[in-house]
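See below for the structure under consideration.
The figures that follow rest on heavy atoms only: side chains count, while hydrogens, waters and symmetry mates do not.
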Amino acid sequence: MCGIVGIVGKSNVNQALYDALTVLQHRGQDAAGIVTSDGGKLFLRKDNGLVRDVFQQRHMQRLVGNMGIGHVRYPTAGSSSSAEAQPFYVNSPYGITLAHNGNLTNVDQLTKEIYESDLRHVNTNSDSEVLLNVFAHELAVRGKLQPTEEDVFAAVAKVHERCVGGYAVVAMVTGYGIVGFRDPNAIRPIVFGQRHTEHGVEYMIASESVALDVLGFSLIRDLAPGEAVYITSDGKLHTRQCAPNPHYAPCIFEHVYLARSDSLMDGVSVYKARLRMGEKLADKILRERPDHDIDVVIPIPDTSRTAALELANRLGVKFREGFVKNRYIGRTFIMPGQAARKKSVRQKLNAIDLEFRGKNVMLVDDSIVRGTTCKQIIQMAREAGAKNVYFCSAAPAVRYPNVYGIDMPSAHELIAHNRSTEEVAELIGADWLVYQDLDDLIDAVGGGKVKIENFDCAVFDGKYVTGDIDEVYLHKIEQARNDLSKSKSITGSAIIDLHNN
C-alpha cells in the first residue's frame, strides 16, 4: 500500500504535489518523495518520514517545473531504508522517473532478465526499481530520439507482458510527459482528472479520487485494467488499452481499510460501501442472536466508524464514541515489528470509562489481522468496566497473506489462519466474535449503482487472481516479511544512515 501522484500543469507543480501527498499520507508513512522536471532537468527530493518532515521550504524552492510525480511509501517487505524511497530514476532513455504502488510476484525472474538480457543494473531490493527498468528498456528498444504516445503505449504493453502482480504506476519521461498505468487485473487503484485554469487545462493522476477533490481537479475516471494514460508536457491527453486480456478484479481490502472514506474507487463510494458493510453485519447479528443483549455499539477509530454507525442504526442500539484517539500515532497495521504495534495501541487509544461501565459493549473494527490491536482494546474495555465485550469485524477472517502490495504478514502471524471463529474469540478475549461473511462483503462493495462482479479477495479465500502463487512463493515472502527479518533490516538501515550523516 503506497500513494502515487503525477501532475502536468501550466506553472510550478511542487506545491500541488506536496498537497496531494499529504492527502494520500494514510497510504504510507515510511517515506516520501517528489521529482519535478523543468527545461530538461530533474529536481528530486526523497527521504524517510512523513510528507511534512521530508519537505522543508528549501527543498520546495528547488522543486521547479510544470510537471512532476510524487510518492508516499510504506514497506511491504524488508527494510525501511531511505535507499528505497521513491521515485526511482534511470538516465536511459531520456531520463525516466517512476513511482509505484503494488507488488510484482515475478520479481526474481525479472531481475535476472534485466541483468542478463536487458544489460541493466538494479541497485535496491525494491520491485519498483525493477518495474522502472523494464519500462525503460522497452521504451529504449523503440529507438526513437523523441518518443511519441505510440512508443509509450507500446512500452506499457511490454510491461504488461513481462510483469505479473498488482501495480499502479506513474512515470515521468523527462521533457516529454507523464504516463500512468494499471495492471491487467486492476488490483491496485489509480484515477485521473483535470482542472481548468486561466492558463489552460491541467491534469492529475493519483491513487485515490480524494487527492483530486482537495486540489480542485474533477475526476475523469479510474483507469481500466491494463489501460494507460499519457499526458504530454504541453497538456495533450492520450489513453490506450495496453493489455490483450484485461480482467477487472480490484482489491476489496481497499474498501475495508486502506482507502479514505471520501474516495470514489472504481466508481464505488468507499463511504457507502462501508455503510453497507454495517448493514450486512447487523443483519447477521439479528440472524444469529435475534434476542441479543447489546447495550451500546462503539467503533474503534477511524476506519470502522462508518460501518459501526450503520450497524447501530439497524440494530436500534445506541452508538457511542468510547475511545479517544491520539492522532499523532501512526496506523498500527503498517508498523514494522510486533513490539512497536503493541506499544502503540495504548499510546493511540484511551477509553472513556462511562461508556463502558456495566454495559454489554459491541466493539466494531474494520478487520482483524494479527489480533494484536483488538486483544489490547478488548482488555481496555474490560478495565473500563464493561460487563461483556463483543467484537464485530467489518471484514471476513483474514487467513492468507497478501502478495499484491499490502503488508499482510506470513500466514502463521495471521490470528485466523487455521483457526475457527470461536478459537479467535478466545485468543483475543472476546465474549462473542462476529465476522462479516465474504459474500456479504462482496455485495456491500460491488452491489451499489456500479456493479463489480469480481474482486481480489485473496486474503480471505486464498484465491490469487494472477494465478501464479504457490506454496513455494508464499514461503519465500514469509521469510522476507516475518518480524525478525524486518527488525534486522531496520537495525541495519539505521546503522547505514548514521554513517551517512
Side-chain angles (χ1 to χ4, degrees), residues 2 4 6 69 86-88 90 93-94 96-114 117-118 120 122 126-144 147-173 176-192 205 207 221-231 237-251 266 403-405 452 454-456 458 464-469 473:
C2 297
I4 58 173
I69 62 175
Q86 300 182 38
F88 284 111
V90 291
Y94 316 115
I96 301 174
T97 48
L98 179 143
H100 160 232
N101 172 32
N103 187 60
L104 303 182
T105 56
N106 65 335
V107 68
D108 291 342
Q109 172 193 333
L110 288 171
T111 303
K112 184 177 180 182
E113 288 178 8
I114 288 168
S117 303
D118 300 352
R120 289 177 170 268
V122 176
S126 173
D127 58 349
S128 303
E129 189 186 10
V130 171
L131 201 157
L132 167 59
N133 274 278
V134 172
F135 176 69
H137 172 77
E138 298 301 340
L139 197 53
V141 297
R142 302 286 293 179
K144 299 287 187 65
T148 66
E149 66 271 17
E150 296 297 328
D151 299 314
V152 170
F153 292 140
V156 173
K158 294 298 289 185
V159 169
H160 290 330
E161 284 183 25
R162 296 178 63 182
C163 297
V164 183
Y167 51 88
V169 175
V170 287
M172 181 167 63
V173 184
Y176 293 103
I178 289 178
V179 58
F181 57 92
R182 193 177 192 185
D183 69 83
N185 292 292
I187 298 171
R188 300 266 64 87
I190 184 170
V191 300
F192 66 103
I205 306 166
S207 292
R221 59 182 172 85
D222 299 77
L223 281 180
E227 188 183 19
V229 56
Y230 179 55
I231 306 153
L237 182 141
H238 310 270
T239 61
R240 181 78 53 85
Q241 176 53 255
C242 298
N245 297 299
H247 172 67
Y248 230 135
C251 174
D266 294 300
V403 299
Y404 302 126
I452 301 175
N454 299 296
F455 289 94
D456 166 40
Y464 297 96
V465 297
T466 52
D468 62 329
I469 305 304
Y473 182 85

Give me the atom names and distance for the closest heavy-atom approach of [X] to [Y].
X    : Y    : value
H100 : G166 : NE2-O, 4.1 Å
V156 : A228 : CG1-CB, 4.0 Å
I190 : A168 : CB-CB, 4.0 Å

Roughly how far apart are [X] [atom1] and [Y] [atom2], rounded to 0.5 Å?
X    : Y    : atom1 : atom2 : value
L98  : I178 : CG    : CD1   : 11.5 Å
N106 : Y473 : CG    : OH    : 8.5 Å
E113 : N133 : CD    : CG    : 12.5 Å
Y230 : E150 : OH    : CD    : 11.5 Å

Can you tell me if [X] uses its side chain to pair, donor with acceptor, with the backbone of [Y] under 3.5 Å?
X    : Y    : result
N454 : A249 : no
E129 : F88  : no
D127 : L104 : yes
N101 : C2   : yes
D183 : N185 : yes
Q86  : T97  : no

With sequence neighbours excluded, residues passing salt bridge (charged side-chain N to carboxylate O under 4.0 Å, His left out) with R120: none
Are [X] and [Y] side-chain neighbours, meaning at least one heavy-atom pair lies under 4.5 Å?
X    : Y    : result
K158 : E161 : yes
T466 : P184 : no
I4   : V169 : no
L139 : Y94  : yes
H137 : I114 : no
C251 : R188 : yes
R162 : E138 : yes
R182 : Y167 : no

D266 and Y248 side chains, donor-acceptor separation under 3.5 Å: yes
Modelled atom types, side-chain donor and acceptor of T148 and D151, under 3.5 Å: yes
Mutual orientation of the aromatic rings belonging to F181 and F135 [parallel < 30°, tilted 30-60°, perpendicular > 60°]: tilted
Ion pair check, E149 and R240, cut-off under 4.0 Å: no
side-chain contact (heavy atoms from CB on, under 4.5 Å) evaluation trace for I469 with Y404: CA-CA 11 Å; I469 305 304; Y404 302 126; 4.2 Å; yes
Option passing side chain to side chain contact (heavy atoms under 4.5 Å, CB included) with C163 (candidates V107, L110, T105): L110
